[in-house]
Structures are given as C-alpha cells and as structure tokens.
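The structure appears right after this line, and notes come after that.
Keep in mind the model is a prediction, meaning the values are calculated, not measured.
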Amino acid sequence: DPDGPMKPLHRMNPLRTGWIAERIARRHGRNPAAPDALAGLALLDVGCGAGLASEAFARRGAQAGGLDAAGEALLAARTHAAAGGLGIDYREGLPEDLPAGETFDAVIALEVIEHVADRHAFLAALARATKPGGLIFLSTLNRTPRAFLLAKLGAEYLLRLLPVGTHDWKMFVTPAELGTGLNEVGFKVADIAGMSMDVLTGRWRATRDVGVNYIVMARGG
C-alpha cells in the first residue's frame with residue numbers, strides 16, 4: 001500500500017533501486033537507461049519485505065531473488081509479484097543460512113543493517129553470497145544527532161511517517177563503521193551518496209549529505 005505504514009519506503013524506493021541499477025549496469029558495460037539493463041544478472045534482495053525493491057529489479061530484467069525472515073511479508077510479496085507476472089524467487093530465512101556456493105552478481109540490503117544485532121556476521125554472509133567481482137549495496141541511517149531528530153523523533157513521533165519503535169538510534173551505522181565492517185569481509189566502499197527527502201513533495205534525491213540516510217556500493221577485493 002503506497003499510502004500505508006511503509007509509505008516512506010515506497011517514496012524512497014525509486015531513488016534506491018535506480019541508483020543501484022545504474023551502477024550494476026555500468027559494471028557490466030550496459031546502458032543504464034535500457035529497460036532490460038539488468039537482463040540475465042542474478043540479484044539477491046536481503047530483507048526484501050513485501051518486495052518493493054525486488055520487483056523494481058525484476059522489471060529491469062534481473063533474475064531477482066528476495067530473502068526475508070518474515071513469512072507474512074513474503075506472502076504479500078509472492079502474491080503481488082504473481083499478479084504482476086514477475087517471476088521472483090522469494091525465500092524465508094537469513095543470509096547466514098544461504099547454501100554454501102550459491103552466489104549472485106549483486107547482493108542488496110536496504111534499510112536492514114540498522115536492525116541487525118551481529119553486524120559482522122551479517123556482512124560476512126552478504127560477502128559469501130556475492131560472486132567474485134560482484135557488488136554489495138546497502139542503505140541505512142547514520143548515527144548522528146540530526147538522524148535522531150529527523151529519522152527517529154520526527155518520522156516516528158511527530159510526523160508519524162513510520163510506526164513508533166521502527167528504529168533504535170543506537171543501532172544506526174556511521175559510514176566509517178560500515179566501511180570498516182565491509183573491509184573486514186573483503187569489500188571496499190566504491191561509491192556513496194546521501195538520500196534526502198523534500199518535506200513538501202515527499203520526493204527523494206541523491207545528495208552529498210550522508211548525515212541521515214545514505215546508500216553505499218562496495219566491491220570485493
């Protein structure tokens with residue numbers, strides 16, 4: 001429901017998936033503007049929820065898979081994908097439980113890592129699931145006073161954009177911490193952008209300001 005409890009994610013989704021698709025396409029020497037720019041590439045959307053990002057990648061031709069621990073969300077994802085004629089491989093579970101040797105051209109985790117207790121184990125699982133030369137994408141929230149005011153107090157308590165309790169500010173991740181964690185599992189941040197919302201229109205755009213929401217691309221090696 002684009003106007004339901006997860007309305008902010010619906011609004012943010014075009015920016016996140018467009019930013020990611022453009023970089024994957026370029027990595028494989030393709031035209032990012034082509035409707036099938038991701039054709040034949042295997043992508044895994046970790047923490048896929050009801051499939052907002054997974055569907056966007058599938059529409060660009062990717063062999064998209066979605067992984068989530070919430071069975072109810074996956075039921076909604078499968079139903080919506082089937083109604084749209086999209087063949088997305090949705091599975092219930094955690095990235096740590098993926099079969100050994102199963103790898104993807106890109107592994108994506110959007111607004112997930114700030115909810116993860118063992119960040120190193122999570123990043124290591126993403127790294128194992130990524131093909132040699134593949135890419136990892138993560139989006140999250142920076143642990144800054146401004147993020148506390150805007151993303152926690154503002155979004156949950158004042159504007160009611162998200163259900164109260166959605167986030168724990170102490171779990172927010174700074175870019176430096178995320179970069180260190182990725183380095184520990186053999187990946188390096190190759191690109192980063194802030195994600196900012198226009199409060200009047202609700203539209204999101206990529207910026208240089210990583211003080212609240214941001215997105216990163218990491219390469220192995």
Say whether, by atom type as modelled, one donor and one acceptor occur between the side chain of Arg60 and the main chain of Pro32 under 3.5 angstrom. no

Atom NE2 of His28 with >12 non-hydrogen neighbours under 6.0 angstrom: yes

What's the separation between atom CE in Met195 and atom OG1 in Thr140, rounded to the nearest 0.5 Å? 8.5 Å

I'd like to know if Arg128 pairs up with Glu96 as an ion pair, taking the criterion as any Lys NZ or Arg NE/NH1/NH2 lying under 4.0 Å from an Asp or Glu carboxylate oxygen. no

If you group Ile, Leu, Val, Met, Phe, Trp and Tyr by side-chain heavy-atom gaps below 4.5 Å, do Val189 and Phe122 land in one group? yes

State, with a plain yes or no, whether a side-chain heavy atom of Leu135 is found less than 4.5 Å away from one of Arg219. yes

So, are Asp105 and Lys131 salt-bridged, with charged N and O less than 4.0 Å apart? yes

How long is the straight-line distance from CG of Asn142 back to CD of Glu114, given to the nearest 0.5 Å? 11.5 Å

Does Arg16 pair with Glu111 as a salt bridge, N-O distance under 4.0 Å? yes

Is there a continuous path of hydrophobic side-chain contacts, each under 4.5 Å between heavy atoms, that joins Met171 to Leu94? no

Rounding to 0.5 Å, atoms CG (Leu123) and CD (Glu184) come to a distance of 8.5 Å

When rounded to the nearest 0.5 Å, the distance separating CD of Glu55 from CG of Asn13 is 9.5 Å

Asp68 side chain to Gly49 backbone, donor-acceptor under 3.5 Å: yes

Hydrophobic cluster identity match, Ile108 and Leu15, side-chain contacts under 4.5 Å: yes

Test item: Asp36 side-chain N/O and Ala39 main-chain N/O as donor-acceptor pair under 3.5 Å: no

Enter the distance from Ile88:CD1 to Leu74:CG here, rounded to the nearest 0.5 Å. 11.0 Å

Can you tell me if Ser196 uses its side chain to pair, donor with acceptor, with the backbone of Arg205 under 3.5 Å? no

With rounding to the nearest 0.5 Å, note down the distance linking CZ in Arg30 to CG in Leu38. 7.0 Å

Give a yes or no on whether the backbone of Phe172 and the side-chain of Arg143 come within a donor-acceptor separation of less than 3.5 Å. yes

Hydrophobic clustering (ILVMFWY, side-chain heavy atoms < 4.5 Å, transitive) - are Tyr90 and Leu67 grouped together? no

Val216 with Val116, same ILVMFWY side-chain cluster at under 4.5 Å: yes

May I ask you to say whether Arg23 pairs ionically with Asp191, meaning some side-chain N is under 4.0 Å from a carboxylate O? yes

Have a look at Ile113 and tell me which of Leu126, Leu141, Leu138 forms a side chain to side chain contact (heavy atoms under 4.5 Å, CB included) with it. Leu138

Which heavy-atom pair separates Thr130 from Ile136 by the least distance, and what is that distance? OG1-CG1, 3.5 Å

Does Arg91 have more than 12 heavy atoms from other residues, nucleotides or ligands lying within 6.0 Å of its CZ? yes

